[in-house]
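Worksheet: one structure, shown below.
The chains referred to below are lettered A, B, ... by the order of the sequence lines, with proteins before strands, and numbering in each begins at 1. Source: prediction; values computed, not measured.
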Protein chains: 2
Amino acid sequence: MSTPSAPDATLTVGDVADRVGLAPSAVRYYDERGLIRSVRTTGGQRRFGRDTIRRLAFISAAQQVGKTLDQIADALETLPDERTPTHDDWAAIATSWRPGLDEQIARLEALRDKLDGCIGCGCLSLERCALWNPDDAAATLGDGARWLLGESLSDVDATATATAVHDPSRS
Amino acid sequence: MSTPSAPDATLTVGDVADRVGLAPSAVRYYDERGLIRSVRTTGGQRRFGRDTIRRLAFISAAQQVGKTLDQIADALETLPDERTPTHDDWAAIATSWRPGLDEQIARLEALRDKLDGCIGCGCLSLERCALWNPDDAAATLGDGARWLLGESLSDVDATATATAVHDPSRS
DNA sequence: GTAAAACTTCAAGTGAACTTGAGGTCAAGG
DNA sequence: CCTTGACCTCAAGTTCACTTGAAGTTTTAC
């Protein structure tokens, strides 16, 4: 839809699709959504600049870690329109995404490392575990310690205090 | 729809929904999908055992790191039907998921740590970077070095190494 | 005993991210 | 020039994970 930053817009939809391993329909969709830029030939066909490959690779990578197209679009918005983005332009995105990515990594590590421990004993506090901390749930439940996996408040209350390891699963 | 492992199925949909911070409709949906188990009252209402909380917490945590309900269902299938799952039952899931979770972590770390470096210079090889390695793309492109973000084969050919292979993979 | 709150099923709707298909046009090789 | 493959638009379909609404039933609390 909009003009690509570089004047050398020579790549077709199929070209860029092949290079990043996407379907042509996906490339058109991204163009429509404004995540990438194209110019049109006199006949109305899309042509992309080489930096589109870079954008698409970024889009794919970001998608693979769970970013939505809206989030990706927001990030790409920060890149300059008129010139090919520099290292610093991309680095700015890396910086702004860092906290979110760190949190995701923490969640994954928690699920990976603590799954057996936490679920097995049902004793992990919400505040101490990155695994179970959906933003909205944390907001609505905000009082006192909740428990990650297994016994919930009433169960814990019923059995013992702080370090309670009520463990019915150890049969 | 099937019977819960514990005979003390006393929790209603609303109870479990509140405790894990889910909507009642989601709980019913999971029940319908077979991810959790319930018994019915004479009046036809669902009742859940306490271990359902544990399952739901697991489902939520797994979903947050991008697992689909099908994948989660598969994992939960490995848990015993007749008794409350033990530490070891859950640990088995942790073990089988480990490689996938490790890969996801690697991707995230790559996006976090290498975004500026990789994209800025456009010089990272596919084989050396965890960021850009979607399974299917890797499978279809399987030959030679492809490049992560930025300059693609032809660009690289023009500038440096001659190990590039133009892949004739598409129609 | 009754009223309200929570439950029930079932069908349809939502939004994200595309894909598919129809019907037609463009561009490059021979 | 002409064929062939890739491109175009637009509308509709798909999958996932639910949510919403309607119409009715059950439980609980007083």
Side-chain angles (χ1 to χ4, degrees), chain A residues 1 9-48 52 55-56 58-76 134 136-137, chain B residues 1 9-48 52 55-76 134 136-137 140 166-171:
Chain A
M1 298 281 172
T10 57
L11 303 168
T12 67
V13 167
D15 289 338
V16 294
D18 282 354
R19 293 206 192 173
V20 290
L22 291 169
S25 60
V27 173
R28 289 193 196 97
Y29 179 68
Y30 295 154
D31 189 29
E32 210 173 301
R33 291 271 308 242
L35 284 108
I36 53 177
R37 275 157 234 285
S38 59
V39 285
R40 298 296 180 125
T41 62
T42 50
Q45 297 196 359
R46 290 174 185 82
R47 290 297 181 269
F48 301 94
T52 299
R55 275 180 171 250
L56 286 173
F58 170 73
I59 292 166
S60 293
Q63 281 221 105
Q64 270 167 47
V65 300
K67 297 286 175 187
T68 65
L69 289 186
D70 275 352
Q71 292 174 312
I72 296 167
D74 284 349
L76 290 173
D136 41 1
Chain B
M1 289 293 182
T10 57
L11 303 169
T12 66
V13 166
D15 289 338
V16 294
D18 283 353
R19 294 209 192 170
V20 291
L22 291 169
S25 60
V27 174
R28 290 194 196 95
Y29 179 67
Y30 294 156
D31 190 29
E32 210 174 302
R33 291 272 308 243
L35 285 110
I36 54 177
R37 263 147 329 97
S38 60
V39 284
R40 298 297 179 123
T41 62
T42 50
Q45 296 196 359
R46 289 174 186 84
R47 290 297 180 270
F48 301 93
T52 299
R55 274 178 172 253
L56 286 172
F58 170 73
I59 293 166
S60 293
Q63 279 220 107
Q64 269 167 47
V65 302
K67 297 286 175 189
T68 65
L69 290 187
D70 275 352
Q71 292 174 312
I72 296 167
D74 284 349
L76 291 173
D136 41 2
T140 51
H166 179 65
D167 79 75
S169 64
R170 301 249 343 149
S171 62

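Between C/dA17, D/dC18, C/dT19, one nucleotide has an atom nearer to the side chain of A/Q63 than all others, and that is C/dA17. Among the nucleotides D/dC18, C/dC18, D/dT27, the one closest to the side chain of B/L69 is D/dC18. Taking only side-chain atoms of B/T68, from C-beta outward, the nucleotide of D/dC7, C/dC7, D/dA17 with the closest atom is D/dA17. Of the candidate nucleotides D/dT9, D/dT19, D/dT27, D/dT27 has the atom lying nearest to any side-chain atom of B/R47. For B/R46, whose side chain is taken as the heavy atoms from C-beta onward, the closest listed nucleotide among C/dC18, C/dC26, C/dT9 is C/dT9.
Of the possible donor and acceptor atoms, none in the side chain of B/T52 sits under 3.5 Å from a partner among the backbone N and O of B/F48. With hydrogens and angles ignored, the 3.5 Å screen pairs no side-chain donor or acceptor of B/D31 with any backbone N or O of B/R28. The closest donor-acceptor contact from the side chain of A/R55 to the backbone of A/L35 lies under 3.5 Å. Listed for the A/D15 side chain is a donor-acceptor partner under 3.5 Å among the backbone atoms of A/T12.
Applying the 4.0 Å criterion to OP1 and OP2 of D/dT27, one finds that B/T41 has a side-chain N or O inside that range. Considering only side-chain N and O atoms, B/Y29 lies nowhere under 4.0 angstrom from the phosphate OP1 or OP2 of D/dC16. For A/Y30, no side-chain nitrogen or oxygen approaches OP1 or OP2 of C/dA17 to under 4.0 Å. At least one side-chain nitrogen or oxygen of A/T12 sits closer than 4.0 Å to the OP1 or OP2 atom of D/dC7.
Rounded to whole Å, the distance from CD on A/Q45 to P on D/dA6 is 12 Å. Note: CD1 (A/I59) to C1' (C/dC18) measures 14 Å, nearest angstrom. One interatomic measurement links the two molecules: CZ of B/R28 to P of C/dA6, which rounds to 12 Å at whole-angstrom precision. Distance, B/D15 CG to C/dC7 C1': 12 Å, rounded to whole Å. Straight-line distance from the CG atom of A/D31 to the P atom of D/dT9: 9 Å, rounded to whole Å. Between the CG atom of A/D70 and the C1' atom of C/dA17 there is a distance of 11 Å, given to the nearest Å. Atom P of nucleotide C/dA17 and atom CD1 of A/I36 are separated by 15 Å, given to the nearest angstrom. B/E32 has its CD atom 12 Å from the P atom of D/dC18, to the nearest Å.
Note that the OH atom of A/Y30 and the OG atom of A/S60 stand 5.5 Å from one another [nearest 0.5 Å].
With the nearest nucleotide of DNA chain D identified for both B/G43 and B/P24, B/P24 has the one nearer the 5' end.
Looking at heavy-atom distances under 4.0 Å, A/R33 makes contact with sugar-phosphate atoms alone, never a base.
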